[in-house]
There are 2 protein chains.
Amino acid sequence: MISRVPLRDEVYRQILAQLQRGVLAPGARVRDVSLAAQLGVSRTPVREALLRLAREGVLETTLGRGFRVRPLDSAELREVGTILGALEALALRLSPPLDQPRRERLQQLDRRLEQTRGDVSTCLDLEDEWHRVLLEACPNRRLLELIGSLRQIPRRYLAAYMQAAGRLSLSTLPHAKILKALAEGGADSGAAVFEQQWQRGLTELESWTGRGPAVPA
Amino acid sequence: MISRVPLRDEVYRQILAQLQRGVLAPGARVRDVSLAAQLGVSRTPVREALLRLAREGVLETTLGRGFRVRPLDSAELREVGTILGALEALALRLSPPLDQPRRERLQQLDRRLEQTRGDVSTCLDLEDEWHRVLLEACPNRRLLELIGSLRQIPRRYLAAYMQAAGRLSLSTLPHAKILKALAEGGADSGAAVFEQQWQRGLTELESWTGRGPAVPA
DNA sequence: ATTTTGAGTATTGTATACAGGATATCACAC
DNA sequence: GTGTGATATCCTGTATACAATACTCAAAAT
């Protein structure tokens with residue numbers, strides 16, 4: 001099966017990777033022409049990718065002033081985090097019970113997460129993967145897609161937090177709590193704990209950023 | 001204050017209006033060049049608007065084959081409806097108590113809804129507006145935005161349902177139930193009833209479409 | 001010294017051009 | 001009549017071009 005993919009999608013992935021690696025820092029201006037040159041394509045697919053990222057909330061755009069990486073703003077994090085907490089809890093409630101193979105994959109991911117030190121990007125990839133595996137059996141594809149696109153937002157905040165606060169790894173404790181609740185209380189109980197862990201995480205990040213923008217302009 | 005708006009946004013609104021009026025029927029192919037001619041702009045902003053609609057799920061796109069209006073598929077309706085039920089319930093829980101002026105605006109909308117007969121588009125506009133007013137006090141702007149973009153999906157199904165099944169108006173009974181629960185039981189109770197009404201509505205539409213695609217290809 | 005202003009440059013938003021692939025048409029074979 | 005293949009047209013995806021707006025920075029004015 002040969003796969004062809006629109007250039008705009010490939011460009012989207014590349015830009016997203018740069019954002020996640022921090023090459024494009026919050027607040028930085030994003031010029032389509034330089035990205036196009038760097039990626040060796042024309043401005044058109046680049047702009048299509050940028051418009052998509054803007055709609056997803058990672059970039060912001062002002063008419064005539066192009067794109068910039070949206071500055072971190074703890075209010076935004078709380079807004080998106082609240083939404084994600086509800087949606088991921090919903091996905092969990094809609095999922096069939098966690099079977100043994102998937103449980104083992106989750107535990108395997110947690111082990112790798114515990115061994116990773118100092119590599120922010122890898123940590124976040126593992127964290128994303130953990131969530132993906134936990135929810136992948138949910139039959140509501142549309143919901144999973146929505147969750148996937150929203151998760152980009154907290155990811156940026158976590159990255160900034162880990163780098164700035166010198167945290168070298170992510171705790172796997174929330175994961176364990178969720179799995180425990182799932183095993184003992186079923187989907188509803190797991191979903192409740194899931195949402196609760198989201199709130200806890202939000203509070204932790206907010207206590208770090210304090211009030212106002214996490215990264216001053 | 002003179003307001004300038006990107007062409008792509010204006011084009012987006014125009015195309016959406018055509019979709020809502022049924023000028024662009026489900027399954028129909030959408031050619032950017034003819035839309036561009038019709039609107040008197042170039043293909044570029046039209047394509048930007050179409051890509052956005054595709055990401056929002058109203059259109060679908062295959063590489064090299066352009067855009068088409070996504071055929072109605074009752075599975076999609078259930079997926080999006082479940083998400084919207086959860087999100088609108090969440091928005092309600094996050095909102096301050098409904099004050100009297102807003103309650104009156106809602107009742108006013110319901111009266112207009114009851115008087116409207118046979119004009120599907122007006123009915124749906126009023127229904128959208130009712131939801132918007134109910135939730136507008138929710139402080140989570142991001143959530144409201146997401147709800148707004150998702151609501152386009154069920155709107156298409158409602159339109160098809162009303163036209164095909166010869167329903168001339170929408171019932172305001174669900175609205176009344178929600179307001180009653182809100183008044184008597186507070187936000188949580190209202191949210192629960194909200195979600196329940198969503199499920200009821202989904203079931204009603206599904207019993208009409210039966211299994212499988214609502215509109216055969 | 002600070003603010004204003006204006007020419008020049010850079011960059012955006014939109015329009016147009018181009019190339020390759022997809023669809024349609026029609027002739028011909030079976 | 002149905003199926004197959006060549007060819008011609010159309011359309012999409014991408015690249016490039018253009019015009020208008022926003023930024024830069026230095027010189028003038030307050």
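- Straight-line distance from the CD atom of Glu48(B) to the C1' atom of dT14(C): 8 Å, rounded to whole Å.
- A salt bridge does not link Glu127(A) to Arg155(A): none of the charged side-chain nitrogens sits closer than 4.0 Å to a carboxylate oxygen.
- Atom CG of residue Leu92(B) and atom CD of residue Glu195(B) lie 10.5 Å apart, to the nearest 0.5 angstrom.
- In this structure, the side chain of Arg156(B) engages the main chain of Arg70(B) through a donor-acceptor pair within 3.5 Å.
- Counting only N and O atoms by type, the side chains of Arg103(A) and Gln108(A) include no donor and acceptor under 3.5 Å apart.
- For the pair Arg31(A) CZ and dA22(D) P, the computed distance is 17 Å after rounding to whole Å.
- Counting heavy atoms from C-beta on, the side chains of Gln199(A) and Arg78(A) come closer than 4.5 Å.
- Listed by chain and residue number, nothing satisfies the side chain to side chain contact (heavy atoms under 4.5 Å, CB included) test with Ala25(B) (two or more places apart in sequence, or in another chain).
- In this structure, Ser34(B) reaches neither bases nor backbone, as no heavy-atom distance under 4.0 Å exists between it and the strands shown.
- Applying the side chain to side chain contact (heavy atoms under 4.5 Å, CB included) rule to Ala187(B) yields no partners; only residues at least two apart in sequence or on another chain are considered.
- Residues from residues 7-14 of chain A with heavy atoms under 4.0 angstrom of DNA chain D, sorted by number: Leu7(A), Arg8(A).
- In summary, the side chains of Arg112(B) and Gln115(B) do not present any donor paired with an acceptor at a separation below 3.5 Å, with no hydrogens or angles considered.
- By the salt bridge (charged side-chain N to carboxylate O under 4.0 Å, His left out) test, Glu10(B) pairs with Arg13(B), sequence neighbours left out.
- Taken from OG in Ser74(A) to CG in Leu205(A), the straight-line distance is 9.5 Å, to the nearest 0.5 Å.
- Counting only residues at least two apart or on different chains, the ring pair (Phe, Tyr, Trp, His ring centres under 6.0 Å) pairs with a member in residues 119-145 of chain B are Trp130(B)-His175(B), His131(B)-Phe194(B).
- The bend of the helix from dA1(C)-dT30(D) to dC30(C)-dG1(D), defined by the angle between the axes of its first five and last five pairs, stands at 20° to the nearest 10°.
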Dump the pairs, protein N or O against N or O of nucleotides 7-9 of chain C, anything under 3.5 Å, distances to one decimal.
none

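- The side-chain heavy atoms of Thr82(B) and Leu94(A), taken from C-beta on, include a pair separated by under 4.5 Å.
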Counting only pairs under 3.5 Å, give me each side-chain donor-acceptor contact of residues 138-145 of chain B, with atom names and distances, residues two or more places apart or in other chains.
{"residue": "Asn140(B)", "atom": "OD1", "partner": "Arg142(B)", "partner atom": "N", "Å": "3.4"}
{"residue": "Asn140(B)", "atom": "OD1", "partner": "Leu143(B)", "partner atom": "N", "Å": "3.0"}
{"residue": "Asn140(B)", "atom": "ND2", "partner": "Glu79(A)", "partner atom": "O", "Å": "3.2"}
{"residue": "Arg141(B)", "atom": "NH1", "partner": "Cys138(B)", "partner atom": "O", "Å": "3.1"}
{"residue": "Arg142(B)", "atom": "NH1", "partner": "Glu76(A)", "partner atom": "OE2", "Å": "3.4"}
{"residue": "Arg142(B)", "atom": "NH2", "partner": "Glu56(A)", "partner atom": "O", "Å": "3.0"}

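- Partners of Tyr12(B) under the ring pair (Phe, Tyr, Trp, His ring centres under 6.0 Å) rule, at least two apart in sequence or in another chain, do not exist in this structure.
- A salt bridge between Arg105(A) and Glu136(A) is present, with a side-chain N of the basic residue lying under 4.0 Å from a carboxylate O of the acidic one.
- If you measure from atom CZ of Arg68(A) to atom P of dT12(C), you get 12 Å, rounded to the nearest angstrom.
- Residues from residues 36-47 of chain B placing a heavy atom under 4.0 Å of any atom in DNA chain D, listed by number, are Arg43(B), Arg47(B).
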Scan the side chains in residues 38-48 of chain B for donor-acceptor partners under 3.5 Å anywhere in the protein, sequence neighbours excluded, and list what turns up.
{"residue": "Ser42(B)", "atom": "OG", "partner": "Thr44(B)", "partner atom": "N", "Å": "3.3"}
{"residue": "Arg43(B)", "atom": "NH2", "partner": "Asp32(B)", "partner atom": "OD2", "Å": "3.3"}
{"residue": "Arg47(B)", "atom": "NH1", "partner": "Asp32(B)", "partner atom": "OD2", "Å": "2.9"}

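- With rounding to whole Å, Leu35(B) atom CG is found 13 Å from dC11(D) atom P.
- Put simply, CG on Leu50(B) is 12 Å from C1' on dT12(D), counting in whole angstrom units.
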For nucleotides 22-24 of chain C, give me every protein contact, N/O to N/O, under 3.5 Å, one pair per line with atom names.
{"residue": "dA22(C)", "atom": "OP1", "partner": "Arg4(A)", "partner atom": "NH1", "Å": "3.2"}
{"residue": "dT23(C)", "atom": "OP1", "partner": "Arg65(B)", "partner atom": "NE", "Å": "3.1"}

